[in-house]
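Please read all numbers here as calculations on a predicted model, not as lab measurements. Here is the naming used below: chain letters follow the sequence lines, and residue numbers restart at 1 for every chain. What you see below is based on every heavy atom in this structure, not just the backbone, and it leaves out hydrogens, waters and symmetry mates.
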Amino acid sequence: MTAPLSPAVDYLSGLNEQQRQVVSSADGPCLVLAGAGSGKTRVLVHRLCYLLDRGVPASSIVLLAFTNRAAREMVSRVERMMGSCPRHLWAGTFHHIGNIILRRYGRHLDIPQNFTILDEEDSVRLLKDVVDGFGSPEEFPHARKIREILSFSVNTVTPLRDVIASSMPRYASCAHLLEAVATEYQKRKKRLNALDYDDLLLQWHRLMTREDIGRRISEGFRYVMVDEYHDTNRLQSLILYQLARVHRNILVVGDDAQSIFSFRGATINNILEFTRVHQDAKTFTLTMNYRSTPEILALANDIISRNRIQFPKKLVTLRTTGVKPVLVRCSDARSEALYVAQRLFQLISAEVPPSDIGVLFRSRYQAAELEIELTKLRIPYVVRGGLRFFEQAHIKDVIAFLRVAENLREEISWRRIFSLCDGIGKKSLERLMEVLAKSATLEEFAAAVQELKLPARGEETVRTVFAILASIRDNPDPAEAVDRVLNNFYRKYLEKHFRDDRERIEDVEGLKEIASGHDSIQGFLAEASLQESFRGERHAAGLPVVLSTIHQAKGLEWRIVFVIGLCANHFPHQSATADIRALEEERRIFYVAVTRAKEDLNLTYYMRDAFRTLPSRKSIFIEEISEGLVDEWFYS
DNA sequence: CTAACGAAACTTTTT
DNA sequence: GTTTCGTTAG
Ligand SMILES: Nc1ncnc2c1ncn2[C@@H]1O[C@H](COP(=O)(O)OP(=O)(O)OP(=O)(O)O)[C@@H](O)[C@H]1O
């Protein structure tokens with residue numbers, strides 16, 4: 001290999017000494033432990049460039065991030081720095097990488113190449129079906145709850161029984177029944193040729209522990225890098241261990257104070273045990289914050305210092321003095337929305353780029369009032385959090401057609417499709433499912449349905465469905481497929497059943513546009529279940545203001561940040577106030593929100609909840625702020 | 001057997 | 001706001 005003309009030293013500029021150390025010497029297992037805004041992500045990007053520059057093939061590097069958006073952002077930064085796009089770099093969430101690997105090597109585990117990925121709603125539906133089959137006599141948790149428990153058990157690598165005993169003692173009495181449900185659920189997934197989100201990790205791990213194939217995969221990955229390591233779970237740490245077992249070049253970066261995903265099994269034990277699990281691991285720390293003004297950091301430090309079960313940490317900055325964070329009291333949720341909307345309007349009128357502004361909240365519903373006001377003022381925005389674009393009912397309805405075209409056995413989508421059919425009710429649906437179970441091909445199924453003597457109207461709609469599916473199979477172009485479903489069937493359904501059919505049709509047309517970026521249905525379906533895109537994110541007019549849950553704002557930054565809804569009733573979340581560990585995690589969520597701001601931080605709360613007779617008051621996280629760290633305003 | 005209507009009971013955070 | 005349940009008419 002010839003020496004590159006541009007020396008690797010380029011990628012060491014724009015870094016401080018501690019950061020340079022990591023970029024140039026993070027071989028072997030390395031843990032970078034550093035606070036918010038200290039340049040962890042920047043270090044990963046520079047390290048990537050450094051490796052590529054020295055001739056490491058992109059295809060032998062895997063970058064695991066918490067969201068696909070974050071991974072894309074890092075890759076595009078690499079691209080900007082190197083001036084070219086690194087081809088075949090592995091970058092994405094654990095689930096995304098797991099999906100690719102299982103498509104490629106799944107046959108070693110008897111997983112067919114065309115498996116369907118069940119999203120959360122699909123899993124719950126399947127579980128509900130299983131539970132109904134059991135006929136629950138006593139008090140039994142809701143399918144949603146069961147999914148949560150099973151998922152937690154998989155992600156923490158803990159037997160179901162232990163999960164129930166430790167976090168769901170209420171259901172200890174029916175633990176045996178829950179285990180039976182779990183077993184049946186696994187069987188049903190197998191029969192449907194489907195994997196749920198947890199399986200993407202679980203089966204990937206199973207694959208990695210196979211001596212032959214696991215070693216071969218690991219051999220392919222010379223460098224493994226992980227961002228946001230504090231929000232990985234035990235199963236993920238086991239995958240990483242196997243993934244890096246040949247070359248042992250594993251670089252993880254994280255900050256225990258920003259761990260906010262314990263509800264899906266994330267644990268800072270992964271950080272704490274890293275040097276023990278990976279022999280001879282090096283530890284690096286970055287101590288300088290480059291993001292925020294001293295005033296913002298003073299508040300952040302004050303907030304996190306209230307946590308008892310937390311390693312003490314103080315952020316230090318070189319940035320010059322700015323303005324104190326502002327705390328604004330409003331009368332109710334609407335007036336808070338009015339205040340924020342007006343401020344945004346002023347800022348944007350004063351030529352502040354909307355993309356410099358972020359509005360953050362604990363829960364998705366807290367953005368509702370603000371959305372109304374922003375629409376009135378014609379301020380473009382996107383909301384990140386809550387229901388993803390691909391999880392909307394009308395999108396899933398259309399996707400269901402592509403899913404069964406791809407995987408005939410996938411009953412969840414069949415049920416979905418048939419319940420859209422005029423003239424098909426509960427009884428016909430069950431009969432159709434019985435026939436499906438006995439059919440090996442689409443033709444067989446269609447033929448058997450003819451014999452069924454469905455009600456006349458039902459018969460006709462079902463025939464339309466089969467015609468559409470046959471045409472999708474003959475011409476498996478994703479965009480064409482979406483178009484055919486919409487125009488030969490679904491448009492009529494929407495017009496008949498919904499007042500907001502126009503919007504929904506627009507969404508489906510948006511779906512078609514996304515589909516046109518794919519040449520295989522399988523690739524398109526993977527995007528639909530694994531990408532975290534939200535409504536309006538794609539075709540947003542101009543640069544929209546971002547409204548985001550704090551969870552979705554991880555790793556991001558804005559010059560101006562608003563954190564809204566800091567009321568006792570909403571933040572910390574109600575169910576998290578009793579348990580100290582849960583409460584401290586809520587405090588970390590607030591800490592993450594505050595540390596997103598570079599220069600200008602605005603905190604708002606209100607005194608009256610519209611739908612409650614109880615008065616509201618400020619969040620305890622606001623109450624406990626030390627004297628003199630914020631300026632208090634009132635808005636009415 | 002299906003469709004349509006209204007009441008009631010949920011609604012944290014994510015892949 | 002949305003899903004789920006029961007009731008009733010066709
Ligand atoms: N050496 C440096 N010189 C100048 N700016 C820097 C330096 N290191 C980091 N920054 C800037 O500081 C900001 C925070 O960096 P980065 O996002 O990498 O931090 P982080 O540690 O990943 O933060 P978080 O933990 O909040 O995700 C970015 O705007 C980045 O460009």
Sorted by chain and residue number, the side chain to side chain contact (heavy atoms under 4.5 Å, CB included) partners of A:R415 (sequence neighbours excluded) come out as A:D129, A:E411, A:L429, A:E430, A:M433
Can you tell me how far C1' of C:dG1 sits from CD of A:E391, to the nearest Å?
-> 16 Å
Rounded to the nearest Å, what distance is computed from the CG atom of residue A:L102 to the C1' atom of nucleotide B:dT15?
-> 14 Å
Report the residues that fulfil side chain to side chain contact (heavy atoms under 4.5 Å, CB included) with A:A65, sequence neighbours left out, ordered by chain and then residue number.
-> A:A70, A:A71, A:M74
Euclidean distance, atom CD of residue A:Q574 to atom P of B:dT13 [Å, nearest integer] = 14 Å
Touch check for A:F94, heavy atoms < 4.0 angstrom, all strands: base, sugar-phosphate only, or nothing?
-> nothing
OP1 or OP2 of B:dT15 under 4.0 Å from side-chain N/O of A:S529 | no
note: A:K426, atom NZ; B:dC1, atom P; distance rounded to Å ~ 11 Å
Should A:K492 and A:D422 count as an ion pair when the cut-off is N to O under 4.0 Å?
-> no
Take the protein atom CZ of A:R415 and the nucleotide atom P of C:dT3, then report the distance between them rounded to whole Å.
-> 18 Å
Which residues satisfy the side chain to side chain contact (heavy atoms under 4.5 Å, CB included) test with A:A526, sequence neighbours excluded?
-> A:N99
Looking across every strand, which nucleic acid part, if any, lies under 4.0 Å from A:E532 by heavy atom: base, sugar-phosphate, or nothing?
-> sugar-phosphate
Protein proximity profile, nucleotides 3-12 of chain B - base contact B, sugar-phosphate-only contact S, no contact -, cut-off 4.0 Å on heavy atoms | S--------B
Test side chain to side chain donor-acceptor pair (under 3.5 Å) applied to A:D196 - qualifying residues, sequence neighbours left out | A:Y185, A:K189
Is the closest basic N to carboxylate O distance between A:R306 and A:E584 below 4.0 Å?
-> no
Roughly, in whole Å, what's the span from CD1 in A:I260 to C1' in B:dT13?
-> 8 Å
Relative to the 5' end of DNA chain B, which residue comes earlier, A:T93 or A:K427, by the nucleotide with the nearest heavy atom?
-> A:K427
Please give, in whole Å, the distance from B:dT13 C1' to A:N233 CG?
-> 15 Å
A:F562: what forms a ring-ring contact (aromatic ring centres under 6.0 Å, His included) with it, not counting sequence neighbours?
-> none
Quick note, side-chain hydrogen bond (donor to acceptor under 3.5 Å, both in side chains) partners involving residues 252-261 of chain A, not counting sequence neighbours, are A:D255-A:Q258, A:D255-A:K313, A:D256-A:Q310, A:D256-A:K313, A:Q258-A:R596
OP1, OP2 of B:dT13 versus side-chain N and O of A:Q552: anything below 4.0 Å?
-> no
C:dT2 P sits how many Å from A:H394 NE2, rounded?
-> 10 Å
A:F466 meets the ring-ring contact (aromatic ring centres under 6.0 Å, His included) criterion, sequence neighbours left out, with A:F445
Treat primed atoms plus P, OP1 and OP2 as sugar-phosphate and everything else as base, then score nucleotides 5-10 of chain C 5' to 3': B for base contact with protein heavy atoms under 4.0 Å, S for sugar-phosphate contact only, - for none.
-> ------
